[in-house]
Amino acid sequence: MAFPVEIQDCILQELELQELPPVLRVNSHFNAIATRILYRIIPELPIRRCIACLKALCASPANAALVRKLSIDWSSHRVVANLFRLLRQTLTHLTALRHLSIELSPQDNHYSLAWVLHGCRSRLRTLGTSIRCDPQLAGVLETQPDLLELCLRGFQTKQPFTLSDGAMPKLKMFRAVHAGPAVISSVVRGRPLEGISLSMFIEDGLLPLDALLLSSRPIKRLTIMSLDNTPPNVLLPEIANRLPDLEALHVVVLMAMFDRRTLQDSSPTLARFSDLRYLTFMAAGSASIEDEGEIARTWGKACPTLRTIILPKGKVWFERDGKWTCCG
């Protein structure tokens, strides 16, 4: 062939999945390249196709070894035990797997299903799952020393979720959807996290924010989904007191209201951030575009390091020639 295999691989990667089967039939050379591309990323599939795919991977260890990313979405189905066993068996064959996402139904998420992941023998870089946060899941995380990103979407249980000091030593990004302070603390403690996304519930108060202080490095990026009624002029100071080195802060407040005065009064708080560059604040309120422009100017003056501000109207505010303007 005129092009090196690497160039041909890059060219064929531009094809859609449904366009690859004809390439598989061209000749043995193209079959090898297209097969690598076809199996490299297994996306979310309808459950019938997903089952067929898992069976095919179990039947062909050579093709299973090509898989780098696997996404499973069974959130709309109650899954029988045989299918969970099939998934576990498949994971034993995915020796080069680096990225894994498993989303289960709300009903299945109430059961201890981390045993499925015990079949995973590869060293993952990213893991996202809705499997509930229990000791069995913590045991799985203990076996993943190369994990860089972790997303726990499962429910927290009353059982202890304990990690050893040596677990996940490279973890940099952590997202928690339903997890409370106990799980957050266990994951954050002593690990070099730089970015965190979490939910704040009424019953937890400010404990999730306290847990962030346990990271071995300063947190640089924080996303908060606030499901309590803490007003913004209270929440922002609490964040600033704990994480003054933030570079990016994104806050979505679902229950508390705000107005122009409330947000403008928060400007002294922003002065406590030493290097805040990107700020998003979304909440219910009645501020107009003109009000948001005034808020952006006030915040920009209080925190000169800010580059962009996004407020509830969805406009991106930025400074140009000494003036704050918006686009979108």
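Scope of the values below: all heavy atoms of this structure, side chains included, with no hydrogens, waters or symmetry mates.
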Item to complete: Find out whether E292 and W317 are in side-chain contact, i.e. whether some heavy atom of one side chain is under 4.5 Å from a heavy atom of the other.
Response: yes
Discussion item. Please tell me whether I41 and L70 are part of a single hydrophobic cluster in this structure, the criterion being side-chain heavy atoms less than 4.5 Å apart.
Written reply: no
Worksheet entry | Residue pairs fulfilling salt bridge (charged side-chain N to carboxylate O under 4.0 Å, His left out) with at least one residue in residues 158-171, sequence neighbours excluded | D146-K170
Worksheet entry | L193 CG to R221 CZ distance, which is reported to the nearest 0.5 Å | 10.5 Å
Response to the item:
For residues 217-244, the ring-ring contact (aromatic ring centres under 6.0 Å, His included) pairs (sequence neighbours left out) are none
Worksheet item: Run the side chain to side chain contact (heavy atoms under 4.5 Å, CB included) check on R175 and I196 step by step: do they pass?
Response: CA-CA 6 Å; R175 300 178 181 87; I196 294 181; over 6 Å; no
Worksheet item: Counting distance only, does the side-chain N/O of R123 pair as donor-acceptor with the main-chain N or O of R121 below 3.5 Å?
Response: no
Fill in: Co-membership, hydrophobic cluster, residues L270 and V234, 4.5 Å side-chain
no
Worksheet, complete the sentence: Closest non-hydrogen contact found for L246 with I219 is CD2-O, 3.4 Å
Worksheet item: Hey, is the main chain of D245 close enough, under 3.5 Å, to the side chain of S274 for a donor-acceptor pair?
Response: no
Worksheet item: Given side chains that start at C-beta, do those of I239 and I224 come closer than 4.5 Å, heavy atoms only?
Response: yes
Worksheet item: Listed by chain and number, what are the side-chain contact (heavy atoms from CB on, under 4.5 Å) partners of S164, not counting sequence neighbours?
Response: E142, A167
Item to complete: Determine yes or no for a side-chain-to-main-chain donor-acceptor pair under 3.5 angstrom, with S185 supplying the side chain and P181 the backbone.
Response: yes
Worksheet item: Is the closest side-chain heavy-atom distance between L86 and C58 below 4.5 Å?
Response: yes
Worksheet item: Considering only heavy atoms from C-beta outward, does the side chain of L127 approach that of C151 to under 4.5 Å?
Response: no
Discussion item. Test your reading of the model: is there a side-chain donor-acceptor pair from S215 to the backbone of P218, 3.5 Å cut-off?
Written reply: no
Discussion item. Quick check on the hydrophobic clustering: are I42 and L83 connected, directly or via other members, by side-chain heavy-atom contacts under 4.5 Å?
Written reply: yes
Worksheet item: Shortest non-hydrogen contact from A179 to Q156?
Response: C-OE1, 3.6 Å
Worksheet item: Closest heavy-atom contact between Q144 and L124?
Response: OE1-N, 2.8 Å
Item to complete: Compare every heavy atom of T308 with every heavy atom of F318, then report the nearest pair and how far apart it is.
Response: CB-CG2, 4.5 Å
Worksheet item: Please, which pairs that meet ring-ring contact (aromatic ring centres under 6.0 Å, His included) have at least one residue in residues 105-144, sequence neighbours excluded?
Response: H110-F155
Worksheet item: Yes or no on side chain to side chain donor-acceptor pair (under 3.5 Å) for S130 and N109, after CA distance, side-chain angles and deciding distance?
Response: CA-CA 7 Å; S130 65; N109 284 331; 3.0 Å; yes
Practice prompt. Show the numbers, then the answer: is there a side chain to side chain contact (heavy atoms under 4.5 Å, CB included) between L152 and F174?
Written response: CA-CA 8 Å; L152 298 181; F174 174 49; 3.9 Å; yes
Discussion item. Check this for me, if you would: do R132 and D134 make a salt bridge, where the nitrogen-to-carboxylate-oxygen distance has to be below 4.0 angstrom?
Written reply: yes
Fill in: Pairs involving residues 62-91, ordered by first then second residue, that meet ring-ring contact (aromatic ring centres under 6.0 Å, His included) (sequence neighbours left out)
none
Worksheet, complete the sentence: Sorted by chain and residue number, the side-chain contact (heavy atoms from CB on, under 4.5 Å) partners of D73 (sequence neighbours excluded) come out as E44, S75, E103
Discussion item. Nearest 0.5 Å, please: how far is CE in M282 from CD1 in I310?
Written reply: 7.5 Å
Discussion item. Less than 4.5 Å apart, side chain to side chain, heavy atoms only: is that true for D291 and I289?
Written reply: no
Solution key, residues 62-69 side-chain donor-acceptor pairs under 3.5 Å, sequence neighbours excluded:
from	atom 1	to	atom 2	distance (Å)
N63	ND2	S60	OG	3.2
R68	NH1	A65	O	3.2
R68	NH1	L66	O	3.2

Worksheet entry | Residues M173, L148; criterion side chain to side chain contact (heavy atoms under 4.5 Å, CB included); working and verdict | CA-CA 6 Å; M173 299 290 295; L148 299 175; over 6 Å; no
Worksheet item: CD1 of I72 to CG of L54: how many Å apart, nearest 0.5 Å?
Response: 5.0 Å
Response to the item:
Residues passing the side-chain hydrogen bond (donor to acceptor under 3.5 Å, both in side chains) test with T126, sequence neighbours excluded, are H99
Worksheet item: Is there side-chain contact between V253 and F281, with at least one heavy-atom pair below 4.5 Å?
Response: yes
Worksheet item: Taking S216 for the side chain and R191 for the main chain, is one N or O donor matched with an acceptor at less than 3.5 Å?
Response: yes
Worksheet item: If you look at every heavy atom in W299 and L306, which pair is closest and at what distance?
Response: O-CD1, 3.9 Å
Practice prompt. Report the C-alpha distance between V187 and F161 in whole Å, list the side-chain angles of each, state the deciding distance to 0.1 Å, and finish with yes or no for side chain to side chain contact (heavy atoms under 4.5 Å, CB included).
Written response: CA-CA 9 Å; V187 173; F161 187 89; 4.0 Å; yes
Worksheet item: With hydrophobic residues grouped by side-chain heavy-atom distances under 4.5 Å, do V252 and Y278 end up in a single group?
Response: no
Worksheet entry | Evaluation steps, side chain to side chain donor-acceptor pair (under 3.5 Å), between H250 and T280 | CA-CA 4 Å; H250 309 286; T280 300; 2.9 Å; yes
Can you give me every donor-acceptor pair (side chain of residues 202-211, partner residue at least two apart or in another chain, under 3.5 Å) with its distance?
from	atom 1	to	atom 2	distance (Å)
D210	OD1	R242	NE	2.7
D210	OD1	R242	NH2	3.0

Worksheet item: Among all residues two or more places apart in sequence or in another chain, which pass the side-chain contact (heavy atoms from CB on, under 4.5 Å) test with P237?
Response: T269, R272
Discussion item. If I compare all heavy atoms of G139 with all of T143, which pair ends up nearest, and what's the gap?
Written reply: O-CG2, 3.5 Å
Discussion item. Do R153 and S101 make a side-chain contact, defined as non-hydrogen atoms from C-beta onward lying under 4.5 Å apart?
Written reply: yes
Practice prompt. Side-chain contact test, heavy atoms from C-beta onward, threshold under 4.5 Å: evaluate it for L198 versus L212 and give yes or no.
Written response: yes
Worksheet item: Is E194 paired with K220 through a side-chain N to carboxylate O contact shorter than 4.0 Å?
Response: no
Response to the item:
Rounded to the nearest 0.5 Å, the CZ atom of R88 sits from the OG1 atom of T90 at a distance of 12.0 Å
Practice prompt. Output the distance between atom CG (L100) and atom OG (S122), rounded to the nearest 0.5 Å.
Written response: 7.5 Å
Discussion item. I'd like to know if V79 and L91 are part of one continuous hydrophobic network [Ile/Leu/Val/Met/Phe/Trp/Tyr, side-chain heavy atoms within less than 4.5 Å].
Written reply: yes
Worksheet item: Considering residues at least two apart in sequence or located in another chain, which fulfil the side-chain contact (heavy atoms from CB on, under 4.5 Å) criterion with Q107?
Response: R78, S105
Worksheet item: Under the side-chain hydrogen bond (donor to acceptor under 3.5 Å, both in side chains) test, which residues partner E294, sequence neighbours left out?
Response: R297
Item to complete: Find the distance between CG (N82) and CD1 (I51) and round it off to the nearest 0.5 Å.
Response: 10.0 Å
